[in-house]
Novice: 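Let me give you the structure first, and then I'll get to my questions.
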Amino acid sequence: MRTFVSAVATVLGVLLAAVAVPAIWLDRSIVQEDGFVGLAAPLGRNAEFQQQLAAAAVGTIDTSAVPGFLSDLVQPVLEDAATSLSGLPGYPAAWEETLRKSHRLSFPEAAAEPDPSGSVSSLTLDVAPLVALGAGEISRATGLPLDPPGETLINVGQPEQREWTERLATYAPMGYMLAVGSGIAFLLALVAARRRWTVLVGAGIGGLLLAGLWAVGAQVGAAQALAADTGNEVANMFRDEFVAAANADFAAWTVGAAITGGLLLLLGIVAGISSRKRPRATR
């Protein structure tokens with residue numbers, strides 16, 4: 001009976017861990033604002049993406065208040081601002097604020113302040129901080145006052161993907177409860193086991209299998225995300241770079257799981273060999 005209980009508890013612990021670890025990663029890296037910003041911040045060092053994003057941001061600046069006879073003067077300044085925007089001292093802070101504002105639109109329930117307009121129905125980037133930076137630079141260069149908008153949205157996903165973000169915000173935090181349940185199950189397995197090394201072996205094998213399963217699942221999920229065309233070149237570049245960054249980040253978790261599983265398996269095998277040698281030594 002004790003062997004049966006130990007085996008069931010070990011399997012239960014592995015199954016709970018199979019869901020808990022990806023859920024915790026999603027919560028920490030996607031749902032939580034700081035995790036999302038940390039994951040997406042390196043995109044600010046991608047020169048090609050940032051150049052296109054800067055051009056798109058500057059292109060939305062409203063110059064209708066500029067007198068017609070000055071339009072020829074303003075146009076070269078706009079083009080120069082689009083080229084030099086990513087090199088401005090305030091660009092890193094504006095990019096980070098862009099990510100934070102965009103995250104609050106995609107995960108309104110996780111944000112301190114919900115979206116006031118309620119009109120966002122798909123995944124979006126709010127590049128208003130970049131627009132404000134560009135408008136300020138143009139105003140300094142021309143002496144003309146420009147009033148940047150409070151919101152400048154670029155769609156980077158489809159409405160059904162927006163629904164997935166809402167589900168993530170609801171269910172991903174449950175991963176911590178599942179992790180606690182997994183830990184309790186493994187403790188129960190150790191307490192009930194007649195040969196505790198078998199629990200270590202089982203947990204180690206389970207960890208190795210889960211690492212492989214998560215790696216395959218991550219590749220499948222990345223392929224599906226990359227297959228969804230946003231219809232916008234800038235959005236497609238953001239999608240490609242963000243998916244690659246997320247895949248690399250989660251890969252580190254799967255490697256950690258594989259190492260942990262291997263160590264548990266090795267420890268269990270050593271403990272099993274030692275337990276078999278001990279009775280012989282006492283004879």
Side-chain angles (χ1 to χ4, degrees), residues 1-32 34-36 38-39 42 164 167-225 242-283:
M1 183 64 181
R2 289 178 58 185
T3 301
F4 175 75
V5 171
S6 178
V8 171
T10 301
V11 172
L12 179 61
V14 171
L15 292 177
L16 290 175
V19 181
V21 171
I24 291 173
W25 178 84
L26 286 169
D27 181 64
R28 294 183 60 180
S29 302
I30 305 295
V31 177
Q32 293 185 20
D34 288 340
F36 174 81
L39 192 62
W164 273 104
R167 294 175 185 174
L168 284 180
T170 301
Y171 296 112
M174 296 181 182
Y176 301 99
M177 297 173 55
L178 295 176
V180 171
S182 177
I184 293 173
F186 282 125
L187 287 175
L188 176 61
L190 286 171
V191 171
R194 293 183 182 276
R195 300 179 179 86
R196 292 180 179 176
W197 63 268
T198 60
V199 177
L200 296 177
V201 170
I205 293 174
L208 291 172
L209 291 175
L210 289 182
L213 179 65
W214 292 331
V216 173
Q219 294 299 323
V220 172
Q224 291 180 344
F242 185 78
V243 168
N247 211 17
D249 188 75
F250 186 66
W253 286 51
T254 61
V255 170
I259 292 174
T260 302
L263 290 175
L264 288 173
L265 178 59
L266 180 60
L267 183 61
I269 292 174
V270 171
I273 294 174
S274 299
S275 65
R276 291 183 179 183
K277 287 182 177 181
R278 202 172 301 140
R280 295 180 181 178
T282 58
R283 288 179 183 177

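Because only heavy atoms are used, hydrogens play no part in the values below, and waters and symmetry mates are left out as well, while side chains stay in. Note that the structure is predicted; figures quoted are calculated from it, not measured.
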Novice: Provide the full list of side chain to side chain donor-acceptor pair (under 3.5 Å) pairs with a residue in residues 172-191, sequence neighbours left out, each pair given once.
Specialist: Asp27-Tyr176
Novice: Which pair of non-hydrogen atoms, one from Thr254 and one from Trp214, has the smallest distance, and what is that distance?
Specialist: CG2-CB, 3.6 Å
Novice: Shortest non-hydrogen contact from Pro22 to Val19?
Specialist: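 Closest heavy-atom pair between Pro22 and Val19: CD-O, 3.4 Å.
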Novice: Which atoms form the tightest heavy-atom contact between Leu210 and Ala18, and what is the distance?
Specialist: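 Of all heavy-atom pairs spanning Leu210 and Ala18, the closest is CD2-CB, 3.4 Å.
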Novice: Apply side chain to side chain contact (heavy atoms under 4.5 Å, CB included) to Val14 and Phe186, showing your working.
Specialist: CA-CA 8 Å; Val14 171; Phe186 282 125; 3.8 Å; yes
Novice: Could you pull out all residues at least two apart from Val270 that satisfy side-chain contact (heavy atoms from CB on, under 4.5 Å)?
Specialist: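 Partners of Val270 by the side-chain contact (heavy atoms from CB on, under 4.5 Å) criterion, ordered by chain and then number, come out as Leu266, Ser274.
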Novice: Which pair of heavy atoms, one from Thr3 and one from Arg194, lies closest together, and at what distance?
Specialist: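 Answer, listing the atom of Thr3 first, then Arg194: OG1-CD, 3.8 Å.
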Novice: Where do Val243 and Ala225 come nearest, in terms of heavy atoms and distance?
Specialist: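 For Val243 and Ala225, the tightest heavy-atom pair comes out as CG2-CB, 3.9 Å.
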Novice: In Å and rounded to the nearest 0.5 Å, what is the CG to CZ distance from Asp249 to Phe242?
Specialist: 9.5 Å
Novice: Mind checking side-chain contact (heavy atoms from CB on, under 4.5 Å) for Ala258 and listing every partner two or more places apart, or none if nothing turns up?
Specialist: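 If we apply the side-chain contact (heavy atoms from CB on, under 4.5 Å) test to Ala258, skipping adjacent residues, the hits are Leu208, Ala211.
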Novice: Not counting sequence neighbours, which residues clear side-chain contact (heavy atoms from CB on, under 4.5 Å) with Val199? List them please.
Specialist: Ser6, Thr10, Ala189, Leu190, Ala193
Novice: For Asn247, what residues pass the side-chain hydrogen bond (donor to acceptor under 3.5 Å, both in side chains) criterion, not counting sequence neighbours?
Specialist: none
Novice: Where is the tightest heavy-atom contact between Leu16 and Gly181, given as atom of each residue plus distance?
Specialist: CD1-C, 3.5 Å
Novice: For Ala246, give me all partners under side-chain contact (heavy atoms from CB on, under 4.5 Å), at least two apart in sequence or on another chain.
Specialist: Trp25, Leu39
